[in-house]
Amino acid sequence: MKKHTNEKLKLAFQELYRKIILVSAIIAIGAIALVYFMVDPSLSAFKKDKPETEIVTIPTREDDFDKIENGIHLRTGFVEAPGMMETVQNCTNCHSSKLVIQNRMDEERWKSTIKWMQETQNLWDLGENEEVIINYLVTNYPPSKKGRREVLTDIEWYQLEE
Ligand code: HEC
C-alpha cells in the first residue's frame, strides 16, 4: 500500500515537472516573439515580396539629355528645326529657354538684342551661328500679330474739354 502511494506521488511529480517545462517553453517562445515584434513590428523579414529597390537611371548626355519628342526638345522646349541645337547651345546657358521662346521678335530686333547681350551681359561672339540662330528664331517663333491689339481704325476722336 505504501509503495503504491510513493509510486503515485512520483508520477504526480513527473507530471508536474513536465508541465513546468512545457509552460516555461511557451513563455520563452512568447518572449522571443515579443522581442522580435518590438524590433520588427511589420514582420518584414517574413514577407517574401519585399519592394524591389528602384533602379533610377540618370539620363546621360548620349541618350536623354538632348531627347526630342513630338518635335520638341524636351530639356528646353525648343521646336525641332534647323538651327535648334545652335540655339540650345548658345542661348540657354545664362537664362531659361523660356526667355528666348516668349520673346517673339523680327530679325532686326533679334540682332539688337544679341548685340545688347554681347555689350552688357558678356555674351560671346556667335560667329556664323548668329545667322543660324536668328533664322531659327524668326522662322519658328515669328513675331506674333496677336501679341498686341490691332491698330484701331475708324475712330471718332473727340476733343477733351477743360
Ligand atoms: C552670357 C550670358 C547670356 C547668353 C549666352 C545669352 N543671354 Fe540672353 N540675356 C542674358 C541676360 C543676363 C539677360 C537679361 C536677363 C534678365 O533681364 O533677367 C538676357 C536677356 C535676354 C532676353 C530678354 C531681352 C529683353 O529685352 O527682355 C532675350 C530674348 C534673350 N536674352 C535671348 C537670348 C538669345 C536668343 C541668346 C542666344 C543667342 C541668349 N539670350 C544668350 C544673358 C545671356
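Counting begins at 1 with the first residue of the sequence. What you see below is based on every heavy atom in this structure, not just the backbone, and it leaves out hydrogens, waters and symmetry mates. Atoms within each ligand, like the ligands themselves, are counted from 1 in listed order.
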Who's the nearest protein heavy-atom neighbour of atom 4 (C) of ligand 1, and how far? C94 SG, 3.3 Å
Measuring only between side-chain heavy atoms, which start at C-beta, is T92 closer than 4.5 Å to H95? no
When I133, T76, N93, V100 are each screened for side-chain contact (heavy atoms from CB on, under 4.5 Å) with V88, the one that passes is T76
Nearest-0.5 Å distance, CD of residue E107 to CG of residue L137: 11.0 Å
Only heavy atoms of L123, strictly under 4.0 Å: list the atoms of ligand 1 that pass. 1 (C), 4 (C), 5 (C), 6 (C), 41 (C)
Distance filter under 4.0 Å to N122 heavy atoms, resulting ligand 1 atoms: 1 (C)
Atom CD of E131: over 12 foreign heavy atoms under 6.0 Å: no
Just how far is it from atom CE of M85 to atom NE2 of H73, taken to the nearest 0.5 Å? 4.5 Å
Should the heavy atoms of other residues, nucleotides or ligands under 6.0 Å from CD of E128 be counted, would the total exceed 12? no
When rounded to the nearest 0.5 angstrom, what is the spacing between CG in L16 and CG in L11? 12.5 Å
Just verifying a value: how many Å separate I114 CD1 and C91 SG, rounded to the nearest 0.5 Å? 6.5 Å
Tell me whether ligand 1 is touched by N129 - counting only heavy atoms on the residue side and a distance under 4.0 Å. no
Measure the distance from atom 14 (C) of ligand 1 to every protein heavy atom, then report the residue, atom name and distance (to 0.1 Å) of the closest one. W116 CH2, 3.8 Å
Near atom 8 (Fe) of ligand 1, is there an N/O/S atom from Q121 that is less than 2.8 Å away? no
Under 4.0 Å from one or more heavy atoms of L99, ligand 1 contributes atoms 20 (C), 21 (C), 22 (C), 23 (C), 29 (C)
Below 4.0 Å from any atom of ligand 1, is there a heavy atom belonging to M105? yes
W124 and N90: side-chain donor and acceptor closer than 3.5 Å? yes
Considering only heavy atoms of W110, which atoms of ligand 1 have at least one such atom less than 4.0 Å away? 29 (C), 32 (C), 35 (C)
Output for pair (E7 CD, L9 CG), nearest 0.5 Å, gives 10.0 Å
Can you tell me which portion of T87 lies within the under-4.0 Å heavy-atom range of ligand 1? Options are side chain, backbone, both, or neither. neither
Which heavy atom of the protein is the closest neighbour of atom 24 (C) of ligand 1, given with residue, atom name and distance? T113 CG2, 4.1 Å
If you round to the nearest 0.5 Å, how far is OG of S112 from CD of Q118? 11.0 Å
Give the single entry among R104, H95, Q102 that approaches atom 42 (C) of ligand 1 most closely by any heavy atom. H95
Lys/Arg N to Asp/Glu carboxylate O, E15 vs R18, below 4.0 Å: yes
So which heavy atom in the protein is nearest atom 36 (C) of ligand 1, and how far is it from that ligand atom? C91 SG, 2.8 Å
Looking at L126, which atoms of ligand 1 are within less than 4.0 Å of one of its heavy atoms? 38 (C)
Write out the residue and atom name of the closest protein heavy atom to atom 25 (C) of ligand 1, then the distance separating them to 0.1 Å. N103 OD1, 4.6 Å
Enumerated ligand 1 atoms positioned under 4.0 Å from heavy atoms of L137: 35 (C)
Heavy-atom contacts with N90 under 4.0 Å: which atoms of ligand 1 show up? List them by number with element. 5 (C), 37 (C), 41 (C)
Is at least one protein non-hydrogen atom found at under 4.0 angstrom from atom 7 (N) of ligand 1? yes
Could you tell me whether atom 16 (C) of ligand 1 has at least one protein heavy atom nearer than 4.0 Å? no
Name the closest protein heavy atom to atom 33 (C) of ligand 1, giving the residue it belongs to and the distance to 0.1 Å. M117 CE, 3.0 Å
